[in-house]
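Accompanying notes for the structure given below.
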2 protein chains.
Amino acid sequence: MADVISPATKLAPNPLFLRDEDLRQGIELLFYAYRDFTGEPDAILAELGLGRAHHRAIYFVGRHAGITVSELLAILKITKQSLSRVLSQLVREGYIQQRPGKRDRRQRLLELTEKGKELERRLTRTQRERIARAYREAGAEAVAGCRKVLLGLVDETERRKILARPDGTTKAGA
Amino acid sequence: MADVISPATKLAPNPLFLRDEDLRQGIELLFYAYRDFTGEPDAILAELGLGRAHHRAIYFVGRHAGITVSELLAILKITKQSLSRVLSQLVREGYIQQRPGKRDRRQRLLELTEKGKELERRLTRTQRERIARAYREAGAEAVAGCRKVLLGLVDETERRKILARPDGTTKAGA
DNA sequence: AAATTACGTCAGCCATATTGACATATTACC
DNA sequence: GGTAATATGTCAATATGGCTGACGTAATTT
């Protein structure tokens, strides 16, 4: 039960659901799901001259109003230069608003403007509906299973953060 | 039961697992899982001067030996110009081999060389291990649920193709 | 006063995608 | 046999979203 994955072999007669074929199906399913999951918002964004990166920023700023730049960087795992470009465009075009932190005035706490919230809702709606449909069709039990598995795919160090994060929505820092 | 998603409202007292909060968790989980799922192979690829796009091509050519260019395009959903660059590099560097179709000699059937197979195994191994661990920890039932949900996220027209695809591995065309 | 932190920015590079136009070989059809 | 359609490739231009490295500034910490 310890060596469920026989290294570098396709013919491993693995027990259960851990056969090479099943794992490959998992890899592919994740690819297809992600591919189609991002398709609809991408189309909306393209009209506005924005890209997927903007969506991610808008999404997480909406989710954690008052988030700092470095916290956002930690979530997105990109460099500050990359984020900076995205963020400054969103500020320039009035989707996101910055205000200095109260406790630490070096910080620039981020929040969505009304325009930003509107776009966030519009973008997220398509994904929420897609997920809701999938959830509904699969049933509560399957959903619980899905969450378990997906969480297991995340780097271990990140897992705690994610579990700690939800509900900690209103972190108005100033 | 029909309008489980009340449009543009956060406070919808939805039944079950379909509350806004749950759906958002789903969105995020997918983001985190995908982010970390692609991290390891990306590092290997970077050393070789390749990118994620090369991985995808290698993966699916490995999975469907003898696949045609247009079939591969249909899976990846990118333009042929994009694929062309990736593919010609992989051929040039000896990871992928082309041979004309037997029945239709316009086709260039794709298959991995030994070098390509080696790289494919190396890349896929990290993902397979990650999935295997997640599966093992979550249990068979959760895995089944996960598959159901992820499949539900895929565009409907694609779903059939995916279900039809697995096992149809050996499509040696020439 | 000096070091560190939070953030921004400039410059340049690379990978991955796009569209549009055109070329070639092959097959299919009338 | 000639024309149309198909499978593939290619050239050129463009955009996006990452990256590294270096430097700057304001605020906080020590």
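From a predicted model like this one, the values you see are computed outputs, not experimental measurements. Residue numbers begin at 1 in each chain, while the letters A, B, ... track the order of the sequences.
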Under 4.0 Å between any heavy atoms, over every strand shown, what does A:Thr68 touch: base, sugar-phosphate, or nothing? Just pick one.
sugar-phosphate
How is A:Gln98 classified with respect to the nucleic acid when contacts are heavy atoms under 4.0 Å: base, sugar-phosphate, or nothing?
sugar-phosphate
Electrostatic pair A:Asp20:A:Arg24 at N-O distance under 4.0 angstrom:
yes
On the nucleotide C:dA17, are OP1 or OP2 found under 4.0 Å from the side-chain N or O atoms that B:Arg56 carries?
yes
Using atom CG of B:Leu110 as one end and atom C1' of D:dT8 as the other, report the distance to the nearest whole Å.
11 Å
Classify the angle between the aromatic ring planes of B:Phe60 and A:Phe31 as parallel (below 30°), tilted (30 to 60°) or perpendicular (above 60°).
tilted
Between D:dG17 atom C1' and A:Gln89 atom CD, what is the distance in whole Å?
12 Å
Nearest-angstrom distance from the residue atom CD of B:Glu47 to C1' of C:dC14:
17 Å
Check whether the side chain of B:Gln81 and the base of D:dG9 form a donor-acceptor pair under 3.5 Å.
no
Which nucleotide in the set D:dG9, D:dT28, C:dA17 lies at the smallest distance from any side-chain heavy atom of A:Asp104?
D:dT28
5'-most contact on DNA chain D: B:Val69 or A:Val86, nearest heavy atom basis?
B:Val69
Polar pair under 3.5 Å, donor/acceptor by atom type, side chain B:Arg106, base D:dT6
yes
Tell me the interatomic distance from A:Lys80, atom NZ, to D:dT25, atom P, rounded to whole angstroms.
14 Å
Could you tell me how far apart B:Leu90 (CG) and D:dG9 (P) are, to the nearest whole angstrom?
12 Å
Keeping the roles fixed (side chain from B:Thr124, backbone from B:Arg121), state whether a donor-acceptor pair exists under 3.5 Å.
no
Determine: side-chain N/O of A:Ser70 to OP1/OP2 of C:dC7, distance under 4.0 Å, yes or no.
yes
Give a yes/no on whether any side-chain N or O of B:Ser82 is located under 4.0 angstrom from OP1 or OP2 of C:dT16.
no
Strictly below 4.0 Å: does A:His54 bring a side-chain N or O up to OP1 or OP2 of D:dG17?
yes
Starting from P on D:dT29, measure out to CZ on A:Arg105 and report it in whole angstrom.
11 Å
Could you please spell out the steps behind the side chain to side chain contact (heavy atoms under 4.5 Å, CB included) verdict for B:Glu71 and B:His64?
CA-CA 10 Å; B:Glu71 285 167 339; B:His64 308 283; over 6 Å; no
Under 4.0 Å, heavy atoms only, any strand: does B:Arg52 hit a base, just the sugar-phosphate, or nothing?
sugar-phosphate
A:Thr79 side-chain N/O to D:dC19 phosphate OP1/OP2 under 4.0 Å
yes
Heavy-atom donor-acceptor pair, B:Arg108 side-chain to D:dG9 base, under 3.5 Å
no
Tell me the interatomic distance from B:Leu76, atom CG, to C:dA17, atom P, rounded to whole angstroms.
8 Å
When rounded to whole Å, the CD to P distance for the pair A:Gln107 and D:dA27 reads 13 Å
A:Leu48 vs A:Tyr95 side-chain heavy atoms within contact, under 4.5 Å
yes
